[in-house]
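Order of listing sets the numbers, starting from 1, for every ligand and every atom in it. No hydrogens, no waters, no symmetry mates; every other heavy atom, side chains included, goes into these values.
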Amino acid sequence: MNNYFIILAAGKGSRFRSKIPKQYIYYKGKPLLQHSIDKAIKSKLFKKILIVINKNHKKYLNINKNKKIIILYGGKERQDSSLKALNYLKRKKTSKIFIHDAARPNFSIKLIKNLKKNLIKHKAVVPYIYNENSTKYIKNKRVINLDRSKVLFTQTPQCFDYKLLYKLSNNNKIKITDEASLLINKNLNVKFIKGESKNIKITTLNDIKSADKKIYYGIGFDIHKLVKNKNLYLGGIKIPFHSGLKGHSDGDAILHSIIDSILGALRKKDIGTHFSNNKKFKDIRSTKLLNTIITILKKNNYSVNNVDINLICERPKVSIYRNRIINSLSKLLSVNKNKINLKGKTVEKLGLIGKEKAIACEVITSIIKYV
Ligand code: ZN
């Protein structure tokens, strides 16, 4: 398997008005560039994945480590970057090469498999789509009508026989916007296959914001009795207090409410169903229980969007521990601190909670999935 996947990510993206270059901006829950990497790895078609980045963007590089990834620095223009990657592969007995723009995160693995299948009989395979709009062309300062059924919009990934593309790239002196242009300029055959309409190029910030997402909400409630000679745990941290919360586990009412709210949003029953009162969970730290639920959340491609907490108790005073609890929750839930809110609510010294004999908590959590 001497096939390589090159991702061109060195562009400056001048139409993209953001401090962070678009390749590294979050899109559908992960850096834009990561989408292409994940698909290339998941396809199991490639020996290595070469990512060509802009040297000045090094500080933004936020992709997951993987032994298949090789990072290279690009050149001034697109063709300089792709030639750098092709040069790198010169002594690697490379057979087939895929070239892809990092700004297209939405292609399917099916598309790359289809490209590869077609490469058996052809030296260059390129996906295309038709244009939906009426199409005009400016020729000698005059606008003329074009038959849109004869206009092809090419996409990436594009794939090629390595030797042929290397030769063409090495001899090329003019600016190109895709590698297919090199073959077309020399009247060489390109096999065009049907691309994907969802495989759009992310060009503006608006393309990022308009990503389709699903949001679900869940509610959680919990109450535990306060008893002497027990540590008090709230939100995953130990809090100095005269009593601790009685329970099968450490009694962390905040974490239990959060777990139930996440399970509610996931439509997966409740904490008691996932962690029964058997010996296995006796005196367990609730952080471990929450980790199990967060794993389920991530497996289902969700992430926590925001959390709003009412901690109902006469004491301890929430304002003293608010920052520590929010820091702890931020780590446990993999969510930014500014997405978590913690309110303290006393009960005017009424009832068991008012007499510091119990602590209750209620939580609403929203979770998000990008589709
Ligand atoms: Zn509980």
Vertex the Zn ion (ligand 1), arms to H224 NE2 and H256 ND1, rounded to 10°
110°
For residues 49-61, which side-chain donor-acceptor pairs fall under 3.5 Å, sequence neighbours excluded?
| unit_1 | atom_1 | unit_2 | atom_2 | d |
| --- | --- | --- | --- | --- |
| N54 | OD1 | N56 | N | 3.0 |
| N54 | ND2 | A10 | O | 3.2 |

Could you check, using the six-membered ring where one of them is a Trp, whether F281 and H248 have ring centers closer than 6.0 angstrom?
no
Nearest 0.5 Å, what's the CG-CG distance between L329 and N327?
9.0 Å
Is the distance from the Zn ion (ligand 1) to the nearest N/O/S atom of D252 under 2.8 Å?
no
Shortest-distance N, O or S atom of D222 relative to the Zn ion (ligand 1):
OD2
Side chain to side chain contact (heavy atoms under 4.5 Å, CB included) partner of K113, chosen from I109, L111, L115:
I109
